[in-house]
Amino acid sequence: MDAHIQGLGWIVRRTADPLPQGQFYLDGIGLRELRRRDTDRARNIMAWMGMYSVLETIWQGQPHPAVEQPADAEVIPIFRIRDWDTVMARLRANGAGFLNENPDPEGTLYFTDPDGFVCGIRAPAAGSDLASDLEADRRWPDDLVSLPDTPPLADGLQDIGWLRLHVADPQALSQFYCRTVGLDVLENNGDRGATLHLGGTCALELAPGGKSRPTPGDRKEVPDVWILRGYDLAAFAEKMAAANVPLINELTLGSGSGALNYYADPEGHVFGYQQRAEYDPGQTVAYRIEDRAASDAWQRENAD
């Protein structure tokens, strides 16, 4: 793993009405609300996905394109579950639209949220020796990550375990995310795809069946993006520029809360790298509890 990447920080889903969509992730999946806005200028819900990862549903003003099969989705978050029956009952009670009747060969059951974005659930594979799975097993149930003033995730749900991208050339993309971005390869299955470590208990799955697309001019053209949490945006930006990776947006976040760059991979998939501001007890507007927890963990893991 690149020395300045901690792991998956955020998934952003842009839609016409983010509040009902966000509520589905709270009630149907069992994520926990961190905060929300509902004003004339901003509408969103921020939900904790376990570890130090956050899902945001945000106002876009456009409906999400229809998705008929998982390979058509831009990004698929797959949640690691420990009690299949409990989670399935919760999903059914909240109107999840299932795309497959039985789990696929990897053990994933796919469904859509109220706006048509694809998600998945998967139980841990017995005997897996992948670093992300081993870390998840170590943390369950005695060492679950918690956030101050935030309840644990709902019964049967551990965290986001996998981020799945269907791509045209898994091997080429694996080389990009390994050599250029700095992720570690966990498993390479040739034509069947590759799995890379996103830090902690999460993995990036590059699966066949997707397609290349033109590089977008703005991150808002893409309804679904994922963002790395890191601690040296300047160094990461320099590395991306040296590799001629297209820079889509370069943002300074409001209230002095950090900075965020969006890039496009060789197939046109958009991803980001965000560095949050260092904790300052006098700047409560910019300070977020998940950022403090992530920063504390980062300092412990990198202590001399």
Side-chain angles (χ1 to χ4, degrees), residues 2 4-16 18 21-22 34-49 52-62 64 74-75 77 117 163 165 176-177 180-183 198-199 204 213-266 268-280 283-292 294-295 298:
D2 181 282
H4 304 299
I5 296 175
Q6 184 172 25
L8 176 65
W10 299 264
I11 296 174
V12 178
R13 302 197 130 170
R14 301 179 182 278
T15 188
Q21 183 197 32
L34 295 170
R35 53 198 167 272
R36 70 172 67 198
R37 292 182 294 178
D38 186 8
T39 70
D40 292 339
R41 300 183 60 184
R43 304 184 75 217
N44 72 334
I45 288 180
M46 307 287 286
W48 179 48
M49 299 189 292
Y52 315 112
S53 301
V54 176
L55 184 142
E56 179 182 18
T57 62
I58 189 169
W59 183 40
Q60 169 73 2
Q62 298 292 331
H64 183 259
E74 185 72 26
V75 177
F117 289 83
L163 193 63
L165 304 182
F176 170 77
Y177 283 109
T180 304
V181 175
L183 306 182
L198 272 175
L204 174 65
R213 71 289 310 281
T215 300
D218 189 276
R219 89 273 187 195
K220 292 182 179 180
E221 297 175 18
V222 180
D224 220 3
V225 299
W226 57 283
I227 301 167
L228 294 164
R229 181 188 290 277
Y231 293 89
D232 194 336
L233 179 59
F236 189 82
E238 183 177 349
K239 182 170 66 171
M240 294 299 100
N244 295 315
V245 178
L247 174 63
I248 307 301
N249 294 105
E250 189 173 13
L251 307 176
T252 299
L253 304 178
S255 304
S257 55
L260 167 61
N261 286 1
Y262 284 96
Y263 298 94
D265 72 20
H269 306 275
V270 177
F271 69 98
Y273 181 106
Q274 183 169 171
Q275 179 174 357
R276 301 292 291 179
E278 293 186 13
Y279 172 59
D280 179 349
Q283 297 293 326
T284 56
V285 174
Y287 166 59
R288 304 302 187 193
I289 56 174
E290 68 275 17
D291 298 331
R292 176 78 182 275
S295 178
W298 178 262

Exercise. What residues form a salt bridge (Lys or Arg N to Asp or Glu O under 4.0 Å) with R43, not counting sequence neighbours?
Worked result: D17, D38
Problem set entry | Minimum side-chain heavy-atom gap R219-R14 below 4.5 Å | yes
Problem set entry | L8 versus S53, closest heavy-atom pair with distance | O-OG, 2.7 Å
Exercise. Considering only heavy atoms from C-beta outward, does the side chain of I248 approach that of V222 to under 4.5 Å?
Worked result: no
For this session: Please tell me if the side chains of W10 and L260 come closer than 4.5 Å, counting only heavy atoms from C-beta onward.
Result: no
Exercise. Do any pairs count as a side chain to side chain donor-acceptor pair (under 3.5 Å) and have a residue in residues 233-250, sequence neighbours left out, and if so which ones?
Worked result: D2-K239, D218-N249
For this session: Would you name the heavy atoms of M240 and T180 that are closest together and state the gap between them?
Result: CE-O, 3.3 Å
Exercise. What side chain to side chain donor-acceptor pair (under 3.5 Å) pairs are there with at least one residue in residues 227-237, not counting sequence neighbours?
Worked result: Q6-Y231, R229-D291
Seminar exercise, completed: Rounded to the nearest 0.5 Å, the CD1 atom of I45 sits from the CG atom of L34 at a distance of 11.0 Å
For this session: Please identify each residue that fulfils ring pair (Phe, Tyr, Trp, His ring centres under 6.0 Å) with F176, with sequence neighbours left out.
Result: none
For this session: Provide the closest heavy-atom pair for P216 versus G268 in the form atom of the first, atom of the second, distance.
Result: CD-O, 3.9 Å
Exercise. Can we say R213 and E74 salt-bridge, meaning some charged N sits less than 4.0 Å from an Asp/Glu carboxylate O?
Worked result: yes
Exercise. Residues two or more places apart in sequence or in another chain: which of them pass side chain to side chain contact (heavy atoms under 4.5 Å, CB included) with T39?
Worked result: R41, A42
Exercise. Between D265 and V181, is any pair of side-chain heavy atoms under 4.5 Å apart?
Worked result: no
Exercise. Do you know which two heavy atoms are closest between W59 and P18, and how far apart they sit?
Worked result: N-CG, 3.5 Å
For this session: For F117, check ring pair (Phe, Tyr, Trp, His ring centres under 6.0 Å) against everything at least two apart and list the hits.
Result: H64
Exercise. Would you call Y177 and F271 a side-chain contact if the rule is heavy atoms closer than 4.5 Å?
Worked result: yes
For this session: Please tell me if the side chains of V54 and R288 come closer than 4.5 Å, counting only heavy atoms from C-beta onward.
Result: no
For this session: Drop me the distance from L165's CG to D224's CG, to the nearest 0.5 angstrom.
Result: 9.5 Å
Exercise. Is the shortest heavy-atom distance from the side chain of Q274 to the side chain of L253 under 4.5 Å?
Worked result: yes
For this session: Measure the shortest side-chain to side-chain distance between W48 and I289 over non-hydrogen atoms and say whether it is less than 4.5 angstrom.
Result: no
Exercise. How many angstroms lie between CG in L233 and CG in L228, if you round to the nearest 0.5 Å?
Worked result: 11.0 Å
Exercise. So does E290 pair up with R35, basic N to acidic O under 4.0 Å?
Worked result: yes
